[in-house]
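Order of the sequence lines sets the chain letters (A, B, ...), proteins ahead of strands, with each chain counted from 1.
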2 protein chains.
Amino acid sequence: MSKLIKPTDSELEILNILWAKGPSTVREVHEVLEQSKDAGYTTTLKLMQIMHEKKLLDRDTANKTHIYKAAVSQKQTQGQIIQRMIDAAFNGSTTQLVMQALGNHNASKEELEQIRQYLEKMEGKKDE
Amino acid sequence: MSKLIKPTDSELEILNILWAKGPSTVREVHEVLEQSKDAGYTTTLKLMQIMHEKKLLDRDTANKTHIYKAAVSQKQTQGQIIQRMIDAAFNGSTTQLVMQALGNHNASKEELEQIRQYLEKMEGKKDE
DNA sequence: AGTCTTCTACGAATTGTTTCGTAAACAAAC
DNA sequence: GTTTGTTTACGAAACAATTCGTAGAAGACT
């Protein structure tokens, strides 16, 4: 049984920062956040405290300035978000999602090639 | 400029029903909804009224029993949902999303083949 | 020690979503 | 025409997410 991870959009922004930077203080996270959105410091603090309550973040309170880090893996979180979206908006069809994503986005030749190779690797696995 | 479509999860459930069934009454939608969740009739009604205010649904009030239909296309809605998710959870990389989706889900050989063909068609287009 | 800054904690206001009770309009059935 | 059932409209309650002001603790600076 694996835990249900359902971050809100704001929470996901914070998780992204922590995944990229590793363990950080509220101030460090806030400084990154400030670049893209307009929010006060205590707003970021409160959000991260709530995320800690929800077990999305771990924190080290040994020092006055607490250190937070993601308590959920990027991969697992992405997996669950995708799955929910496939169920909610794509009638459960991964294929539909993938095609929509590719068709929508005007991927570069390099990207398409990368995906094609990945696909072949997977098809190969099926033959074993 | 195309309109921003941001349905909540509940709203998306209703959109899915209307996309599948076409124009329907509140009761018809509610009866489908009831199968998967537990909500009163007036809850469904209110949701659909709000969706009409938000221009997610059109309605025909010629008769006492109103007829609702989706005012946004499935394709456009799916496209926007995917794009938001790519930006919010996949660092803007469609490739990352596609690989995660494929890797996660254990797609069947047929599905993989279908996607591979789609890919080739796209790569072909790039050469024109 | 006293001042200044930084940080956490708390609580409240705001906003948005979801839920449903109740009433009024309307139609159908008796 | 009065009862019964279905529908819409309205309003309010319950809940969750977001925002931020304020207070107090902790440390740094002189």
Side-chain angles (χ1 to χ4, degrees), chain A residues 4-18 21 23-69 72 77 81 84-85 88-89, chain B residues 3-18 23-69 72 77 81 84-85 88-89:
Chain A
L4 260 236
I5 304 166
K6 203 171 179 181
T8 65
D9 289 351
S10 301
E11 288 170 348
L12 197 50
E13 287 184 279
I14 288 173
L15 283 175
N16 276 324
I17 293 168
L18 288 172
K21 282 175 58 77
S24 308
T25 64
V26 173
R27 172 128 336 253
E28 286 165 338
V29 170
H30 179 63
E31 265 158 18
V32 177
L33 221 44
E34 258 184 330
Q35 290 163 16
S36 52
K37 71 184 317 196
D38 190 31
Y41 172 81
T42 54
T43 301
T44 305
L45 170 67
K46 182 76 170 196
L47 260 177
M48 290 175 72
Q49 286 171 339
I50 288 171
M51 289 172 76
H52 175 246
E53 274 171 39
K54 291 189 191 173
K55 315 258 197 230
L56 290 173
L57 302 185
D58 286 333
R59 69 174 173 184
D60 174 355
T61 59
N63 301 302
K64 169 168 145 77
T65 302
H66 302 351
I67 308 283
Y68 288 79
K69 67 180 214 283
V72 295
T77 305
I81 288 173
R84 255 192 301 275
M85 205 187 45
Chain B
K3 134 174 69 164
L4 261 236
I5 304 166
K6 203 171 181 182
T8 65
D9 288 352
S10 301
E11 289 170 347
L12 197 50
E13 288 183 278
I14 289 173
L15 282 174
N16 276 325
I17 293 168
L18 288 172
S24 308
T25 64
V26 173
R27 174 132 327 259
E28 285 166 339
V29 169
H30 179 64
E31 264 157 18
V32 177
L33 221 44
E34 258 184 329
Q35 290 163 18
S36 52
K37 70 182 322 195
D38 191 30
Y41 172 82
T42 55
T43 301
T44 305
L45 170 66
K46 181 76 169 196
L47 260 177
M48 290 175 72
Q49 285 170 340
I50 289 171
M51 289 172 75
H52 174 247
E53 275 170 38
K54 292 188 189 173
K55 316 258 196 228
L56 289 173
L57 303 185
D58 286 333
R59 71 175 171 182
D60 173 356
T61 59
N63 300 302
K64 170 169 144 78
T65 302
H66 301 351
I67 309 284
Y68 288 79
K69 67 180 215 282
V72 295
T77 305
I81 288 173
R84 257 193 299 275
M85 205 188 45

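Separating the CG atom of B:Leu33 from the P atom of C:dC20 is a distance of 12 Å, rounded to the nearest angstrom. As a whole-Å value, the separation of B:Glu13 CD from C:dT18 C1' is 12 Å. Separating the CD atom of A:Glu53 from the P atom of D:dA16 is a distance of 13 Å, rounded to the nearest angstrom. Whole-Å rounding puts the B:Lys37 NZ to C:dT17 P distance at 14 Å. For the pair A:Arg59 CZ and C:dC7 P, the computed distance is 15 Å after rounding to whole Å. Atom CG of A:Leu47 is separated from atom P of C:dT8 by 14 Å (rounded to the nearest Å). Distance B:Lys46 NZ to D:dT7 P: 18 Å, rounded to the nearest Å. One can place OH of A:Tyr68 at 8 Å from C1' of C:dT8, the figure rounded to the nearest angstrom.
Where DNA chain D pairs in unbroken runs of 3 or more (Watson-Crick or G-U, both distances under 3.5 Å), the stems are C:1-30 with D:1-30.
Residue contacts shown for B:Ile50 include a base, since a base heavy atom lies under 4.0 Å away. Counting any heavy atom pair closer than 4.0 Å across all strands shown, A:Thr8 reaches sugar-phosphate atoms only and no base atom. Among the atoms of the strands shown, only primed sugar atoms or phosphate atoms (P, OP1, OP2) are found under 4.0 Å from some heavy atom of B:Lys54. Using a 4.0 Å heavy-atom criterion, one finds that B:Ser10 contacts the sugar-phosphate atoms exclusively. A:Thr65 comes within 4.0 angstrom of sugar-phosphate atoms only, judged by non-hydrogen atoms across all strands, and of no base.
Applying the 4.0 Å criterion to OP1 and OP2 of C:dT8, one finds that A:Gln49 has every side-chain N and O outside that range. For the pair B:Arg27 and D:dT7, the criterion of a side-chain N or O lying under 4.0 Å from OP1 or OP2 is met.
Taking all atoms of both residues into account, the shortest heavy-atom contact from B:His52 to B:Tyr68 is CB-CE2, 4.3 Å. Taking all atoms of both residues into account, the shortest heavy-atom contact from B:Lys54 to B:Glu11 is NZ-OE2, 2.7 Å.
In terms of position on DNA chain D, the residue among B:Thr25 and A:Gly40 whose nearest nucleotide sits closer to the 5' end is B:Thr25. Both A:Tyr41 and B:Lys6 lie close to DNA chain C; mapped to their nearest nucleotides by heavy-atom distance, the more 5′-ward contact belongs to A:Tyr41.
Atoms CG and CG, from B:Leu15 and B:Leu57 in turn, are 6.0 Å apart once rounded to the nearest 0.5 Å. Separation of atoms NZ (A:Lys37) and OG1 (A:Thr44) is listed at 7.5 Å; rounding is to 0.5 Å. Distance NE2/B:His30 to OG1/B:Thr42: 8.5 Å, rounded to 0.5 Å.
Taking 4.5 Å as the limit, some side-chain heavy atom of A:Lys46 sits within range of a side-chain heavy atom of A:Ile50. A:Lys69 places none of its side-chain heavy atoms less than 4.5 Å from the side chain of A:Leu18.
With C:dT8, C:dT19, D:dT8 as the choices, the nucleotide that has an atom nearest any side-chain atom of B:Thr43 turns out to be C:dT19. The side chain of B:Leu45 lies closest to D:dA9, out of C:dT8, D:dT19, D:dA9.
With hydrogens and angles ignored, no donor-acceptor pair closer than 3.5 Å exists between the side chain of A:Lys64 and the base of C:dT8.
Distance alone, capped at 3.5 Å, is enough to place a donor-acceptor pair between the B:Asp60 side chain and the B:Ala62 backbone.
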